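Residue numbers start from 1 in every chain, and the chains themselves are labelled A, B, ... in the order their sequence lines are given, proteins ahead of strands. Only a predicted model underlies this, so the values are computations on that prediction, with no experimental measurement involved.
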There are 2 protein chains.
Amino acid sequence: MKSLGIPIPTLRRLPLYYQQLLQAHRNGEEYVSSVELGKATGSAPEQVRKDLSFLTGQGKSRVGYETKKLAEIIEDYLGLMDDKEAVLVGAGNLGHALALYQGFAQYGFRIVVLFDNDPMKVNGKVGELKVLPVEKLTNLVERMGIRIGIITTPPQPAQEIAEMMIAGGIKAIWNFSTAHLVVPEDVLVRNVDLSLELAVISHYINGLSVRNS
Amino acid sequence: MKSLGIPIPTLRRLPLYYQQLLQAHRNGEEYVSSVELGKATGSAPEQVRKDLSFLTGQGKSRVGYETKKLAEIIEDYLGLMDDKEAVLVGAGNLGHALALYQGFAQYGFRIVVLFDNDPMKVNGKVGELKVLPVEKLTNLVERMGIRIGIITTPPQPAQEIAEMMIAGGIKAIWNFSTAHLVVPEDVLVRNVDLSLELAVISHYINGLSVRNS
DNA sequence: TAGATTGTTAATCGATTAACAATC
DNA sequence: TAGATTGTTAATCGATTAACAATC
């Protein structure tokens with residue numbers, strides 16, 4: 001899984017800069033420097049400049065980066081303004097939260113339908129969104145030309161669901177399950193396993209206890 | 001923020017190995033090799049051995065790692081079995097989902113109370129958990145000796161909430177807000193900003209569209 | 001002009017991957 | 001013993017940090 005050219009850490013920092021640029025623009029600031037961007041986002045100014053140099057040289061010596069213009073460049077580069085439809089499988093707590101979360105819309109990201117196996121949930125609704133049976137997954141994805149799938153199921157069915165998604169033409173999977181997914185080369189998988197973060201936190205707290213006792 | 005000795009990527013892989021070890025143990029397998037662990041978790045076998053070597057040499061040539069023993073070593077190392085109480089601030093969709101999620105319990109992790117500003121939510125309940133007003137945060141944290149805080153609020157109040165947490169003695173913050181938190185050196189912050197993942201996905205899908213058109 | 005700031009090249013750092021001797 | 005597998009050292013890779021010339 002190559003991201004062709006740009007490092008993934010850089011890619012993940014771009015939305016942080018983007019938000020700051022929008023903010024600055026709303027405040028009527030025409031330019032913002034790498035130092036300011038860095039301070040607001042927690043990166044070193046060199047890092048900011050390096051990251052932005054992947055997009056295109058836009059900064060001006062002495063004044064910094066044009067807020068509006070650079071925000072637009074990032075928008076284009078990440079495709080933030082394109083409408084991106086997604087399906088979500090697994091209408092549990094986390095699935096609900098993601099389906100109802102408003103914040104994704106600002107990046108053109110929109111969940112259009114949920115899937116679940118549980119007969120209690122199927123044909124119900126979560127907010128405005130229908131919950132359909134998993135059997136219809138591949139078909140609907142294909143028919144609607146959807147390219148993004150979100151998995152918020154337990155680990156057991158995750159691989160099978162990924163395959164159904166891919167069969168329907170999905171090219172990017174946002175995997176919240178703890179399963180390790182095996183997919184073809186041209187399919188992007190982004191794993192968000194919250195328990196992995198717990199390990200870091202737990203180890204840190206554990207270290208404190210050991211030292212204190 | 002140093003994790004003293006062990007790389008964070010390694011720390012994040014340990015729970016993956018741990019789950020596989022438990023699984024193997026349940027299946028009655030006494031030993032598991034680095035090749036098997038790697039295949040199941042998506043790491044190279046060398047990576048697995050390297051990671052495990054941070055803990056203690058436990059493997060045996062020719063047979064692999066003792067499932068039960070290694071699982072226990074990881075448990076100890078990460079402090080998974082210690083009861084770790086946490087507070088959560090921001091009883092929105094994501095806050096609900098985290099509060100209700102069952103999966104954290106297996107790592108000894110337990111959210112004990114929620115906080116929110118919204119008078120509609122305050123003094124209500126989410127599942128079994130009370131929702132208290134944010135004014136009580138510092139005090140309750142201090143009184144109960146809680147060391148872990150979770151922030152699932154909008155970005156604006158996040159810094160202030162972090163400070164209230166820290167004032168009460170919290171040492172690790174799991175930050176789901178998009179805010180960049182500034183904290184003392186001895187406080188661990190783990191950021192989970194889901195929109196950063198969206199940037200990676202969006203850029204990938206964008207790249208596909210460009211190539212296809 | 002002097003000074004601030006960019007963009008880029010080079011140096012450093014840290015993690016991953018490869019190689020291989022040791023061992024059961 | 002032969003072969004599988006570990007543990008560790010060395011090589012590679014990639015990202016971050018530092019340095020600095022170019023520029024407005």
query: Is atom CD of B:Glu160 surrounded by more than 12 heavy atoms (other residues, nucleotides or ligands) closer than 6.0 Å?
result: no

field: Nearest-Å distance for atom pair CG/C1', residues B:Leu55 and D:dT8
entry: 16 Å

task: May I have the distance from B:Leu52 (atom CG) to C:dA15 (atom C1'), rounded to whole angstrom?
output: 16 Å

task: Classify the angle between the aromatic ring planes of B:Phe109 and B:Trp174 as parallel (below 30°), tilted (30 to 60°) or perpendicular (above 60°).
output: perpendicular

- request: Dump the intermediate steps for side chain to side chain contact (heavy atoms under 4.5 Å, CB included) on A:Val192 and A:Asn175, then the final yes or no.
  value: CA-CA 6 Å; A:Val192 179; A:Asn175 177 33; over 6 Å; no

message: Between A:Phe104 and A:Tyr107, is the ring centroid distance below 6.0 Å?
response: no

- prompt: Using Watson-Crick pairs (N1 to N3, plus N6-O4 or O6-N4) and G-U wobble pairs, both distances under 3.5 Å, which stems of at least 3 pairs involve DNA chain D?
  reply: C:3-24 with D:3-24

task: Could you note down all residue pairs passing ring pair (Phe, Tyr, Trp, His ring centres under 6.0 Å) where residues 20-56 of chain B supplies at least one of them, sequence neighbours left out?
output: none

Salt-bridge present (A:Lys68, A:Glu72; N to O < 4.0 Å): yes

statement: note: B:Arg12, atom CZ; C:dG14, atom C1'; distance rounded to Å ~ 17 Å

- prompt: When the distance from CD of B:Glu66 to P of D:dT5 is rounded to whole Å, what number comes out?
  reply: 16 Å

field: Spacing of B:Phe54 atom CZ relative to D:dT9 atom P, expressed in whole Å
entry: 12 Å

Nearest listed nucleotide, side chain of B:Ser53, among D:dT8, C:dT8, D:dT16: D:dT8

DNA chain C-proximal residues of residues 22-51 of chain A, any heavy atom under 4.0 Å: A:Ser33, A:Ser34, A:Arg49, A:Lys50

message: Please report the interatomic distance CD1(A:Ile205) to CZ(B:Arg147), rounded to the nearest 0.5 Å.
response: 5.5 Å

- line: Per side chain to side chain donor-acceptor pair (under 3.5 Å), A:Tyr18 is matched among A:Glu75, A:Arg13, A:Gln23 by A:Glu75

- line: Rounded to whole Å, CD1 of B:Ile8 lies from C1' of D:dT16 at a distance of 15 Å

